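Structure, as structure tokens:
These figures come from a predicted structure and were not determined experimentally.
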Amino acid sequence: TKAFKATYDTDLSPGINFQYGKMTTTGGHPQEVRVGTVDPRHAQVRLKALLSNNKVVKRDVVSQIALKKKRVGFEPRLATNGDMSTRNRVDAYAAPHSMAVSGGELLLAQACSRPSLGVDAAGNVAVNRVRNQISVIPPGKTRPHVIHKVNTHRDAGLIVLYTKRFASSTQTSYGGIEIILDLEGKVQANGTQQVRVLKVRKGGGNTPLKAGQAVLSTKNPTYKWVYQLKVGQKFPLTTQIVKQVDKPCGGTLVAAPGFDDVVEVQGGNHFTLRWGSNAAPSYNSYPAGTKRHPRSGLGVTKDGKVLMVVVDGRRSSSHGVTLKEMGQLMKSLGAVHAFNLDGGGSSVMARYKANKDLFEVTNNPSDGRQRPATQAF
């Protein structure tokens, strides 16, 4: 093996560095690597977790997702793909598999926790296995009742809260119940806000989603409190980013250190590095992680810098890495914690090229082009 060695090193702007280089992994496999090192506490740097066209079910290529955020005083300099989602779907099943927060707004919440990176307004970074716990205290009740998900598909046994960040409508089939709520601003990542029932649609589906509103939806009649809601009623809605101690789904929930004030959250799927030790899953728990593929990952260093790393694969010049090798690479770059993002044909890194004044793809995606994605970071 040969460690990563940068053959090209440049600052894309104050606080953002880009490197290109090569390495050789076990068995003599050549690898091409792109590394972005970002200081989120730098006054001129902002890290953003982005949805394609600001909707969960939309897709676009990573470079365009980033460029569409360009405005005076905000110039994209570096971007990579986000978490896995069901490929080629543009319906309720298109949602990425982890939580997403942008500008303090809860864009997406899943029922199980995932490795995630959070950034607060001052640029402080936290990494943990987290999800969002959403609860309400319905009128006439004294204990909190759980809402399982935000802006994803409506499983028969779960309750989902939809906002305008999902799509133009809930995209649900006929049946169950949908409660249209008056919403104060946006759904916060952490906090309590009052909601008011505007309309009850028993048997209704595919409810339009509008600014200043949210829709509570379920097909499970055992959640009687939802079916008992009436027009005009008010109740508190509370969100909190939590970590699950025992297991990703279910188990003990506790507050997630460093996530109480985050304004951006990007999730992934498997830890590759935890507290400086390799944390890649074993073959028995995740066989695909032991195979060579293009990989994208996020890491955080001891001094709070964020690493954005892409390793090309499925090419003669770069064979791709296992998750264990990705963890080894992240550690060699100075990461303390790191996790995997979507990979394969989705692995993309785009950067600003000053000599061309362009923001464009800098790696070699295995599809030969950018694969449309739901997220960019």
Kindly indicate whether the side chain of V130, heavy atoms from C-beta on, has any atom under 4.5 Å from the side chain of Q244.
no

Taking only residues two or more places apart in sequence, or in another chain, which ones meet V361 in a side chain to side chain contact (heavy atoms under 4.5 Å, CB included)?
V348, N363, P365, Q370

With side-chain hydrogen bond (donor to acceptor under 3.5 Å, both in side chains) as the rule and sequence neighbours excluded, what pairs involving residues 180-197 come up?
T192-T238

Pairs involving residues 155-173, ordered by first then second residue, that meet salt bridge (charged side-chain N to carboxylate O under 4.0 Å, His left out) (sequence neighbours left out)
E105-R165, K149-D155

Test side-chain hydrogen bond (donor to acceptor under 3.5 Å, both in side chains) on N128 and R274; report intermediate values, then the result.
CA-CA 9 Å; N128 219 317; R274 201 78 177 105; 3.3 Å; yes

Relative to the ring of H153, is the ring of Y93 parallel (under 30°), tilted (30 to 60°) or perpendicular (over 60°)?
parallel

Between I65 and T374 the two heavy atoms that sit nearest each other are CD1-C, 4.5 Å

Could you walk me through whether N364 and R315 satisfy the side-chain contact (heavy atoms from CB on, under 4.5 Å) test, starting with their C-alpha distance in whole Å, then the side-chain angles of each, then the deciding distance to 0.1 Å, before giving a yes or no?
CA-CA 9 Å; N364 295 301; R315 294 175 173 274; 3.4 Å; yes

Cation-pi check, R351 onto F18 ring (under 6.0 Å, within 45° of axis):
yes

Check: V226 and I179 side chains under 4.5 Å, non-hydrogen atoms
yes

Student check: side-chain heavy atoms of L198 and L181 closer than 4.5 Å:
no

Would you say N269's side chain and L341's backbone share a donor-acceptor pair under 3.5 angstrom?
yes

State whether the side chain of D11 and the backbone N or O of P14 hold a donor-acceptor pair below 3.5 Å, judged by distance alone.
no

Identify the heavy atoms of L78 and G36 that sit nearest to each other, and give their distance.
CD2-CA, 3.5 Å

Could you report the tightest heavy-atom contact between P248 and R129, atom names first, then the distance?
CG-NH1, 4.2 Å

Other residues, nucleotides and ligands only: do more than 12 of their heavy atoms fall within 6.0 Å of CZ on R369?
no

Residue pairs, two or more places apart or on separate chains, that pass salt bridge (charged side-chain N to carboxylate O under 4.0 Å, His left out) and touch residues 55-68
D60-K68

In T80, V119, D83, the residue satisfying side chain to side chain contact (heavy atoms under 4.5 Å, CB included) with Q266 is D83

Scan for side-chain hydrogen bond (donor to acceptor under 3.5 Å, both in side chains) pairs involving residues 198-214, sequence neighbours excluded, and state none if there are none.
S169-N206, E178-T207, R201-T207

If you measure only the distance, is there a donor-acceptor pair under 3.5 Å linking the side chains of D342 and S85?
no

Just jot down the side chain to side chain contact (heavy atoms under 4.5 Å, CB included) partners of Q233, sequence neighbours excluded, or say none.
P139, V197, L229, K230

OG of S98 to CD of Q110, rounded to nearest 0.5 Å, is 7.5 Å

With sequence neighbours left out, write down each residue that passes side-chain hydrogen bond (donor to acceptor under 3.5 Å, both in side chains) with K353, or none if nothing qualifies.
E360

Can N340 and T272 be counted as having a side-chain donor-acceptor contact under 3.5 angstrom?
no

Steps toward side-chain contact (heavy atoms from CB on, under 4.5 Å) verdict (L209, T163):
CA-CA 6 Å; L209 294 169; T163 74; 6.0 Å; no

Could you tell me whether a side-chain N or O of D9 sits under 3.5 Å from a main-chain N or O of Q19, the two making a donor and an acceptor?
no

Restricting to side chain to side chain contact (heavy atoms under 4.5 Å, CB included), what partner residues turn up for T25, sequence neighbours left out?
M23, H29, Q31, R292, V321, E325

Got a sec, which hydrophobics cluster with Y352, joining ILVMFWY side chains under 4.5 Å apart, including via others?
L67, F359

Does the side chain of L323 come within less than 4.5 Å of P281's, by heavy atoms?
yes

Restricting to side-chain hydrogen bond (donor to acceptor under 3.5 Å, both in side chains), what partner residues turn up for T37, sequence neighbours left out?
none

Can you tell me how far CE of M308 sits from CD1 of I16, rounded to the nearest 0.5 angstrom?
8.5 Å

same_hphob_cluster(V150, V187) at 4.5 Å side-chain heavy-atom cutoff
yes

With no hydrogens and no angle check, do the side chains of T239 and N132 hold a donor and an acceptor under 3.5 Å apart?
no

On a heavy-atom basis, which atom in A49 and which in E264 lie closest, and how many Å separate them?
N-OE1, 2.9 Å

Residues that Y174 engages under side chain to side chain contact (heavy atoms under 4.5 Å, CB included), provided they are two or more places apart
none

On a heavy-atom basis, which atom in S317 and which in E32 lie closest, and how many Å separate them?
OG-OE1, 3.3 Å

Between I137 and R143, is a side-chain contact (heavy atoms from CB on, under 4.5 Å) present by the stated rule, with each step listed?
CA-CA 6 Å; I137 301 178; R143 64 180 181 84; over 6 Å; no

Looking at side-chain heavy atoms only, is the closest gap between V101 and V263 below 4.5 Å?
no

Residue pair V195, K234: steps toward the side-chain contact (heavy atoms from CB on, under 4.5 Å) verdict:
CA-CA 6 Å; V195 295; K234 296 180 180 180; over 6 Å; no

The criterion is side-chain hydrogen bond (donor to acceptor under 3.5 Å, both in side chains); which residues satisfy it with S285, sequence neighbours excluded?
S282

Close side-chain approach of L108 to T152, heavy-atom, < 4.5 Å:
yes

Where do V265 and G118 come nearest, in terms of heavy atoms and distance?
CG2-CA, 4.2 Å

With no hydrogens and no angle check, do the side chains of N220 and T218 hold a donor and an acceptor under 3.5 Å apart?
no

